[in-house]
4 protein chains.
Amino acid sequence: MIADMNQPMPAEPKPRWERRKDARPHELLSAALDLFVDRGYAATRLEDVARRAGVSKGTLYLYFENKQELFKAVVRENIVQVIGRAESDVAAADDVSCSELLRTMLRRWWTDVAATRASGLAKLIMAEAGNFPEIAQFYNDEVIARGHALLSSIVRRGIERGEFAPVDPDVMTRVLTAPVIMLMLWAHSFDPCGSQVEPDVFLDTYLELVRRGMAAG
Amino acid sequence: MIADMNQPMPAEPKPRWERRKDARPHELLSAALDLFVDRGYAATRLEDVARRAGVSKGTLYLYFENKQELFKAVVRENIVQVIGRAESDVAAADDVSCSELLRTMLRRWWTDVAATRASGLAKLIMAEAGNFPEIAQFYNDEVIARGHALLSSIVRRGIERGEFAPVDPDVMTRVLTAPVIMLMLWAHSFDPCGSQVEPDVFLDTYLELVRRGMAAG
Amino acid sequence: MIADMNQPMPAEPKPRWERRKDARPHELLSAALDLFVDRGYAATRLEDVARRAGVSKGTLYLYFENKQELFKAVVRENIVQVIGRAESDVAAADDVSCSELLRTMLRRWWTDVAATRASGLAKLIMAEAGNFPEIAQFYNDEVIARGHALLSSIVRRGIERGEFAPVDPDVMTRVLTAPVIMLMLWAHSFDPCGSQVEPDVFLDTYLELVRRGMAAG
Amino acid sequence: MIADMNQPMPAEPKPRWERRKDARPHELLSAALDLFVDRGYAATRLEDVARRAGVSKGTLYLYFENKQELFKAVVRENIVQVIGRAESDVAAADDVSCSELLRTMLRRWWTDVAATRASGLAKLIMAEAGNFPEIAQFYNDEVIARGHALLSSIVRRGIERGEFAPVDPDVMTRVLTAPVIMLMLWAHSFDPCGSQVEPDVFLDTYLELVRRGMAAG
DNA sequence: AATGAATGAGCTTTCATTCAT
DNA sequence: AATGAATGAAAGCTCATTCAT
């Protein structure tokens, strides 16, 4: 022990793998996202996830209890977090016009989720939720319900303030979200339909429609 | 004797199995459709398909070579057939206005495919095509390509006749199909979004849009 | 009965299939021999046997209790019968020289069994007897033991008569049979070795050897 | 407490499984050889191989991709390796007399392959090659062709040097190999014929014959 | 006598999860 | 903290045998 302490400590002798310790979970989540999006939930093999992250199968279980928890973590890192930030921002943006706020939120949804690899999670959930009820429940509670609540609160506020025409806020929220969901699905379907669509053009057109269509009077 | 008559029908010798050659394929296809739509391709166990059709695992293999062929047969019975009939009708409807013909075809797509259990196959393909290339190929050749060709031929004819404004027929066809595809997906997603949408209202609105939007001049 | 006799008997109205009634078992045995020889016992599917004989799977079970009995019947028709005839002939040939008789018997074995499709049964037995004890027992009792007894009786008789040099008749019988067995195996092995050998030349040489080698003095 | 001490060694925690990476492949190959030889290729169940090696079904697949590869590995370990060594030795033995070299090689074939459990593989191949073309191909390429090439090269060299009478080297090679092959088959046939033969005597006699028969002049 | 639909045990292969090292 | 060997429950598919027609 004493001998050890006297050693010259040559410029942090950390072996390379130790330095990455903190990065591990993120690397695993990134690998998992890629594979879940590519192959779906059931068809993704944890061994592949581990290999892609450069670790062994066993290591994965040090960080995540099981496949389901890994998936939840992926959703949390890639979607729930974005929603959380959005919630704070909306709460803090009482002075901004609702029309403007809605625009901002939809755009952020697009840039931070829909236009990223994470959009594939929507496809996955749609396809496999039925086979994994616990995952469905989780996704519904953490993503769909919160996202819907967030947007509909803006719509509701806009109506109260006379900024928007009076409509059913829940229905309107669904109308607002549908096209973005469609875009996410298109991005991950093999269907040639999707590949032809230019998402940015689609989104701009759509947002303009929203602006006009929702204006009061 | 009299006593016998009162007995609860002595167990109806109930044969170990019943011979129903003609009905079997349809029963199996129906069971398969249910399960494929419900659980997806990979997660559907052939034993469950058989049980739901009231037969044993082995029987299924008397009628379908393997899982893939069973799936193809399901697609053929529920989608390809409809397209086939539509092709004949379009070929025979040279005198009808293209606008009218397009309306009819989209409506038929809705009633004969999208509004039935078969619409779940679209979701399945979108989600799992990547994992089963041969199925993807089959679906693309037999459904997507043929369906697109059929609709775009009408659009093309309408433009040639001056009935429609001159647009790229392929692009327009994709625009025409997207909403119906979306409806099919909604119908099978656990997402509460979709369940709220009233498909008939949606479709009517959409068709009216098409009528106005495509008119020449 | 009388009525029947008076019927006009219009040129034998027998439907075609009925005429073959007696041929059925033989057709099935022939088909079974082909397939057993080609694929082995376990790998031969009864459905294929039936199809090759031009009947249905069920029909096969009208004539043979099960796969094992079918196989036994094949062996009986193609090998046991030959041995039976040989036994009678040997019993009736008390006046023929043993050398001559031996020659005749080995030749007959060659022409009636070894040079026919039936030789493949030897390969099959050698390869699969271990997995089907009842078949092994049957083959041993009906073919090997009887065949050996027959040949060794001739050898024994020859020694008693001073025609053959005094040797252990059982050992000599094994020496006599080995080459013919080898020929049978060669004929059905994929090994190029066998295909090069000209069986008739081989057999002649061998028989000449037997003639000289066994002569007394 | 004292009572406890008398208990029969409290169940030796006996781990559910043991980690023996290095020994496993060999244990599995040995178990597989036993069963393949005993039952043939098709009739050998991988679960039995695993159980005999003291592991579970799944473990086998950690070491061998599938049944076919397991079989190939068995052939490689038990036959191909021997041929490989023989090839090196022949190449290095330019100064030895061909007669001597041939003797050595045939003897080694006997001791290293034919007199071991591996000889049963020859029977297996003969019986089942027809049903498993890929295995037939492999065995032909790796064993038959290489073995034949090796021996015929010695014969050819012997003829060139005037040591052997001029004969067709390929034919002579087949003649040389046939009896050893026969011995291998005998060793694994249930046929009582074979069990009587004393292989060593047989082989000695045979080698003497080769010596005399092939001598030039 | 003939058919062929129906059965179900059996076999190969996959993969989430555990745990000795 | 990290590894990867080991497990065993599925799931797809085959085929000898049965039996209603």
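The chains referred to below are lettered A, B, ... by the order of the sequence lines, with proteins before strands, and numbering in each begins at 1. Since we're looking at a predicted model, the values are computed, not measured.
Of the residues near DNA chain F, C:Arg45 and D:Gly58, the one whose nearest nucleotide (by heavy atom distance) lies more toward the 5' end is D:Gly58. Residue-to-nucleotide proximity on DNA chain F shows that, of D:Leu60 and A:Val55, the 5′-proximal contact is made by A:Val55. Residue order along DNA chain E, read from the 5' end via each residue's closest nucleotide, puts D:Gln68 first among D:Gln68 and A:Ala42.
Side-chain atoms of C:Glu128 come within 3.5 Å of backbone N or O of C:Ala42 as a donor-acceptor pair. Between the side chain of D:Lys123 and the backbone N or O of D:Gly40, no donor-acceptor pair lies under 3.5 Å. Without hydrogens or angle criteria, B:Thr44 side chain to B:Arg39 main chain gives no donor-acceptor distance under 3.5 Å. For C:Glu142 (side chain) and C:Val80 (main-chain N/O), no donor-acceptor pair under 3.5 Å exists by modelled atom type. With C:Glu69 contributing its side chain and C:Phe64 its backbone, the two residues share no donor-acceptor pair below 3.5 Å.
If you check E:dT13, F:dT7, E:dT17 against the side chain of A:Asn66, the one that comes closest is E:dT17. Of the candidates E:dA16, F:dT3, F:dT17, the closest approach to any side-chain atom of A:Thr59 belongs to F:dT3. Nearest to the side-chain atoms of D:Tyr61 among the listed nucleotides F:dA16, E:dA6, E:dT13 stands E:dT13.
Distances shorter than 4.0 Å separate none of the side-chain N or O atoms of C:Arg51 from OP1 or OP2 on E:dG4.
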### Task
Would you sketch DNA chain F in dot-bracket for me? Only Watson-Crick or G-U wobble pairs with both distances under 3.5 Å count, crossing pairs as [ ], other-strand pairs as |, the rest as dots.
.||||||||||||||||||||

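When rounded to the nearest whole Å, the span between CD of B:Glu47 and C1' of E:dT7 equals 12 Å. Atom CG in B:Asp48 sits roughly 14 Å away from atom P in F:dC13 (whole-Å rounding). The distance between atom NZ of B:Lys67 and atom P of F:dG12, rounded to the nearest whole Å, is 5 Å. At whole-Å resolution of the value, CD in D:Glu65 and P in E:dT14 are 8 Å apart. Atom pair A:Leu35:CG and E:dA16:P shows a separation of 11 Å (rounding to whole Å applied). Rounded to whole Å, the distance from CG on A:Asn131 to C1' on F:dA10 is 15 Å. One atom, CD of C:Glu27, and another, C1' of E:dA2, lie 14 Å apart when rounded to the nearest Å. What separates CD1 of A:Ile135 from P of E:dA16 is a distance of 12 Å, to the nearest Å.
B:Glu134 has a carboxylate O that lies under 4.0 Å from a charged side-chain N of B:Lys72, or vice versa, which qualifies the two as a salt bridge.
Using a 4.0 Å heavy-atom criterion, one finds that C:Lys57 contacts the bases of the nucleic acid, with or without backbone contacts as well. Base engagement by C:Leu62 is indicated by at least one non-hydrogen atom pair under 4.0 Å involving a base atom.
Atom CD of D:Gln68 has more than 12 neighbouring heavy atoms from other residues, nucleotides or ligands inside a 6.0 Å radius.
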